[in-house]
Protein chains: 2
Amino acid sequence: MFFLKDLPTPAMTSKYARFFAPVEPEQIVGVLADLRRASLTIRRLEAYFRENDFSLLRFLILIIIDREPEKEALQFSEIVEKVDVSKPVVTRTIKSLLEDDLLMLRCEGSDKRMKMYALSKEGRSRLESLFPGYFKLLGDAAEGESS
Amino acid sequence: MFFLKDLPTPAMTSKYARFFAPVEPEQIVGVLADLRRASLTIRRLEAYFRENDFSLLRFLILIIIDREPEKEALQFSEIVEKVDVSKPVVTRTIKSLLEDDLLMLRCEGSDKRMKMYALSKEGRSRLESLFPGYFKLLGDAAEGESS
DNA sequence: CCCATTTAGTTATCATGATAACTAATGGAG
DNA sequence: CTCCATTAGTTATCATGATAACTAAATGGG
């Protein structure tokens, strides 16, 4: 998250310009504005999921499994690859999803180390119940961007 | 941070389109791309400061004090307002900056609750030593955006 | 002037990200 | 077949964000 509330004023950027020349001040300010805008959107998403006793990461893991075209179960390491988060965090989050019966462990395959996870019925309906608010926030962000 | 590595394919968005209509799929995908891009930039910034035994928040607090035109010391609550982070986190971070002698406490004023903080000489030079890498990353992000 | 309320900042505790080091299963060289 | 290196996932611990509840100082109505 990028926490600077106020973007630098022109007076400030000119004070620091010697550090970033030849990049134009407007470019620097533009990037800062983008970082700030994205951080606020992410914050709103996190608040939305928290209000619904969920988390962005839990949601992303469910959607990643759901959106796969052919497979109906995904391997742990595939999930780790698609969600750009460290393995221990995925382990912990999947554990909580299992405890809530939103995911099911599928121990098929010859390799006894591998773990496959599929959405449960509750998992899928929970996911769908979260879609409207999620896409609403993304839509709002899209609007805010053009304005 | 937004962790989804792969943006949804057209096949995926059409699967979910009923949840976000009438917003156009390209808009949703566009916002997701922006969130992802910003998250990666923030990650690079955090990695940069970590490599330099610093943190993005520590840096932002220093720059906020430095960039104020007239005042050479800022009040705790002013810092909290400008950096969009909770008070306890600011307390903790300022404490670490004091321990490293990068900030100085200025207990002036009649209100004995108030605390004012100013950059020390080391604080200012530390800040300046971090500028080039910081603005380099912002410049890179600006380039990546236009491409 | 006194007590209740407000304001400034801190402490305690939790949530969720990371890295390092671990266990258990696999697989390939000899 | 045996043993060592590799791969899959977990455990332990830390870093840094949050909220709630706290202490101490200021303020204002009676």
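So that the names make sense, note that chain A is the first sequence line, chain B the second, and so on, each numbered from 1. Keep in mind that what you see is a predicted model, and the values were worked out from it rather than measured.
Among the heavy atoms of the strands lying under 4.0 Å from V85(A) are primed sugar atoms or P, OP1, OP2 only; no base atom is included. Across all strands shown, S110(B) has heavy atoms under 4.0 Å from sugar-phosphate atoms exclusively, and none from any base. Using a 4.0 Å heavy-atom distance criterion, K112(B) is classed as a sugar-phosphate-only contact. Within the 4.0 angstrom heavy-atom criterion, only backbone atoms of the sugar-phosphate kind lie near R43(A); the bases stay farther away.
Here dA24(D) presents its P atom at 17 Å from CZ of F76(B), a figure rounded to the nearest Å. Note: CG (L103(A)) to P (dG9(D)) measures 14 Å, nearest angstrom. For the pair Y117(B) OH and dA8(C) P, the computed distance is 14 Å after rounding to whole Å. One interatomic measurement links the two molecules: CG of L60(B) to C1' of dG17(D), which rounds to 14 Å at whole-angstrom precision. Remark: C1' of dG17(D) and CZ of R92(B) are 7 Å apart, rounded to the nearest angstrom. For the pair M114(B) CE and dT23(D) C1', the interatomic distance rounds to 18 Å; values are reported in whole Å. Atom C1' of nucleotide dG9(D) and atom CD1 of I61(A) are separated by 14 Å, given to the nearest angstrom. Per the geometry, CZ belonging to F49(B) stands 19 Å off C1' belonging to dG17(C), to the nearest Å.
A salt bridge does not link R126(A) to D100(A): none of the charged side-chain nitrogens sits closer than 4.0 Å to a carboxylate oxygen.
Between the side chains of Y134(A) and N52(A), not a single donor N or O lies within less than 3.5 Å of an accepting N or O. Side-chain contact, S96(B) with R58(B): a donor N or O sits under 3.5 Å from an acceptor N or O.
Around the NZ atom of K15(A), the shell of radius 6.0 Å holds more than 12 heavy atoms that belong to other residues, nucleotides or ligands.
For Q75(B), counting side-chain heavy atoms from C-beta on, the closest listed nucleotide (dA25(D), dG9(C), dG17(C)) is dG9(C).
Contact annotation: T91(B) side-chain N/O to dT10(C) OP1/OP2 distance is under 4.0 Å. Distances shown here put a side-chain N or O of K95(B) below 4.0 Å from the OP1 or OP2 atom of dT11(C).
Each of R113(A) and R50(A) lies near DNA chain C, and the nucleotide nearest R50(A) is the one positioned closer to the 5' end. Residue-to-nucleotide proximity on DNA chain D shows that, of D111(A) and P88(A), the 5′-proximal contact is made by D111(A). With the nearest nucleotide of DNA chain C identified for both S77(B) and M1(B), S77(B) has the one nearer the 5' end.
One N or O donor and one acceptor, one from the side chain of K87(A) and one from the base of dG9(D), sit under 3.5 Å apart.
The six-membered or imidazole ring of F54(A) lies away from that of F59(A), with a centre-to-centre distance of 6.0 Å or more.
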